[in-house]
Amino acid sequence: MESRNSRDSSMASKPSMRFGMLALAMLAPMLCSGALVEYTLVVEEAIVSKPGVPFSRWGVVINGTTPGPTLQADEGDEVAITIINEMSASAAGTSLHWHGMFQPGTPFSDGVPGVTQCHIAPGTSLLVRFTATPAGTHWYHSHSGTQYVDGALGALIVHPKVSDGPAQPAWVASVAREEVLLAQEWNEKTGAYEYDSLRAGVYLGGTVELNGAMHMLGDVAWPETWLANGEVNPTFYASVGETTRFRFINAAGNYQLNLRTSGLSMRLVAVDPGTFVEPTDLDVISAQIGERYDFLLSSQSPGIYPIYISDAIGLNHTVLATFVVMAANG
């Protein structure tokens, strides 16, 4: 089998994981044939500082960053991922769930402790294998405690196998570039603090009165800091007439997000779990937590177009990213 994107995955499994490894070995023949795509993901604690963020805070990072690296594969590839837990011995175990993957024949690779596996204890590792299917925009995140709110997450992109699958929609040929747009709330307080406070009955905001009615927008107040791909208001560039495909992921922990652009409409072309839809121009895309939507942006004239997010009723607004269209001559 062809090997692509190979990374070191020699970490030995602990005895407690032998049953899981045996089960995966038995299921391996059930995987679809395709290239072998290997990754190693190291989960650890860190004090995270971000440009444009007025505070540093404890977080959970993957390969040294939050979000972790964007994982990519073609539909039908066999994905082998070694997860190494390098968190402190006093920390809880960790896990990674592959949000959107169907896991045909590999349920024990789904990454949900208490359902498909035990937590990966500090100082140990786990090898998971699954078939990359379906094609589309997906993501991965910890399913242990509040770790994903604290940074243990990343994008997972599965590209369609054009030679084997159905014909691609006509708009695909017009796309000049693709960009992941992963929205992540980033509060100064940790997810554990928020969770423990809420369980103790402490009000953290998120409920507002509007026109005489109470609206619960989230469990906590609208964050002052939102990250897109780990940055505050990153800029995406395109030339006049070029089309950019954005793969939007709502990776928030508390909020439904309404996505808008200023001065441009968004052409919706795909929804999770990777289903193409009739291209439709929209002013707003409403995404619940964990949902993904692919949309196209283009302009026939130069300009600066902010991409906004807001809560479900539009009370709070934040510029998530900026789309800059430049003249064709630069």
Query - Side-chain ion pair, Arg129 and Glu78, N-O less than 4.0 Å - result: yes

Query raised in the report: Is the shortest heavy-atom distance from the side chain of Trp98 to the side chain of Ile81 under 4.5 Å?
Result: yes

Report task. State the CG-CG distance between Leu41 and Leu126, to the nearest 0.5 angstrom. Result -> 11.5 Å

Query raised in the report: Does a side-chain heavy-atom distance below 4.5 Å link Thr133 with Pro104?
Result: yes

Report task. Measure from NZ or CZ of Arg57 to the centre of the six-membered ring of Trp186 and say whether it is under 6.0 Å with the direction within 45° of the ring axis. Result -> yes

Query - Beyond-backbone contact of Gln168 with Phe276, side-chain heavy atoms, under 4.5 angstrom - result: yes

Query raised in the report: Just by modelled atom types, is the Gly93 backbone N or O under 3.5 Å from a matching donor or acceptor in the Gln147 side chain?
Result: yes

**Report entry** Minimum heavy-atom distance between Ala252 and Glu185, given as atom pair plus value
**Finding:** CB-OE1, 3.2 Å

Query - Glu178 with Arg245: basic N within carboxylate O range, under 4.0 Å - result: yes

**Report entry** Heavy-atom side-chain contact between Ile62 and Leu96 under 4.5 Å
**Finding:** yes

**Report entry** is_close_aromatic(Trp58, Tyr193), centroid dist under 6.0 Å
**Finding:** no

Query - Polar side-chain atom of Asn316 near backbone of Asp311 as donor-acceptor pair, under 3.5 Å - result: no

Report task. Over all heavy atoms of both residues, which pair between Ile249 and Ala155 is shortest? Give the atoms and the distance, please. Result -> CD1-CB, 3.9 Å

**Report entry** Heavy-atom side-chain proximity of Ser286 to Gln256 below 4.5 angstrom
**Finding:** yes

Query raised in the report: Where the side chain of Glu179 meets the backbone of Thr244, is there a donor-acceptor pair that is under 3.5 Å apart?
Result: no

Query raised in the report: Just wondering, more than 12 heavy atoms not from Glu224 lying within 6.0 Å of its CD?
Result: no

Query raised in the report: Going through the distances and angles, do Leu297 and Phe236 end up as a side-chain contact (heavy atoms from CB on, under 4.5 Å)?
Result: CA-CA 11 Å; Leu297 284 183; Phe236 300 96; over 6 Å; no

Query - Side chain to side chain, Ile157 and Val180, heavy atoms closer than 4.5 Å - result: yes

Report task. Count the heavy atoms of every other residue, nucleotide or ligand shown that sit under 6.0 Å from CG of Asp196, and state whether that count exceeds 12. Result -> yes

Query raised in the report: Can any side-chain N or O of Asn258 pair as donor or acceptor with the backbone N or O of Ser310 at less than 3.5 Å?
Result: no

Report task. Give a yes or no on whether the backbone of Ser301 and the side-chain of Ser299 come within a donor-acceptor separation of less than 3.5 Å. Result -> yes

Report task. Could you list all the ring pair (Phe, Tyr, Trp, His ring centres under 6.0 Å) pairs where at least one residue sits in residues 286-318, not counting sequence neighbours? Result -> Phe246-Phe295

Query raised in the report: Quick check: are there more than 12 heavy atoms from other residues, nucleotides or ligands sitting under 6.0 Å from CG of Leu198?
Result: yes

Report task. Please name the residue in the list Thr243, Asp281, Asp294 that meets the side-chain hydrogen bond (donor to acceptor under 3.5 Å, both in side chains) test with Arg267. Result -> Asp281

Query raised in the report: Is Asn250 reaching over with its side chain to a backbone N or O of Gln288, donor-acceptor style, under 3.5 angstrom?
Result: yes

Query raised in the report: Could you walk me through whether Asp219 and Glu194 pass the side-chain contact (heavy atoms from CB on, under 4.5 Å) check?
Result: CA-CA 9 Å; Asp219 291 321; Glu194 294 176 351; over 6 Å; no

Requested in this report: Give a yes or no on whether Tyr195 atom OH has more than 12 heavy-atom contacts from other residues, nucleotides or ligands under 6.0 Å away.
Outcome: no

Query raised in the report: Do Ile304 and Thr235 have side-chain heavy atoms sitting under 4.5 Å apart?
Result: no

Report task. For His141, check ring pair (Phe, Tyr, Trp, His ring centres under 6.0 Å) against everything at least two apart and list the hits. Result -> His97, His99, Trp139, His143, Tyr148

Requested in this report: With the side chain counted from C-beta on, respond yes when Asp150 and Glu45 share a heavy-atom pair under 4.5 Å apart, and no when they do not.
Outcome: no

Requested in this report: Nearest 0.5 Å please: distance from the CH2 atom of Trp222 over to the CG atom of Leu315.
Outcome: 9.5 Å

Report task. Applying side-chain contact (heavy atoms from CB on, under 4.5 Å), run through Thr225 and Asn187 and close with a yes or a no. Result -> CA-CA 7 Å; Thr225 303; Asn187 289 316; over 6 Å; no

Query raised in the report: Within the distance-only criterion (no hydrogens, no angle test), does the side chain of Glu86 pair as donor or acceptor with the backbone N or O of Val42 below 3.5 angstrom?
Result: no

Query raised in the report: With distance as the sole test, does Thr106 use its side chain to make a donor-acceptor pair with the main-chain N or O of Ser109 at under 3.5 Å?
Result: no

Report task. Under the side-chain contact (heavy atoms from CB on, under 4.5 Å) rule, what do Asp110 and Val115 come out as? Steps first, then yes or no, please. Result -> CA-CA 9 Å; Asp110 196 43; Val115 179; over 6 Å; no

Query raised in the report: Which heavy-atom pair separates Thr66 from Val61 by the least distance, and what is that distance?
Result: N-CG1, 4.3 Å

Requested in this report: Check for a donor-acceptor pair, side chain of Asn63 on one end and backbone N or O of Thr40 on the other, with a separation under 3.5 Å.
Outcome: yes

Query raised in the report: Is a donor on one side and an acceptor on the other found under 3.5 Å between the side chain of Arg292 and the backbone of Gly290?
Result: yes

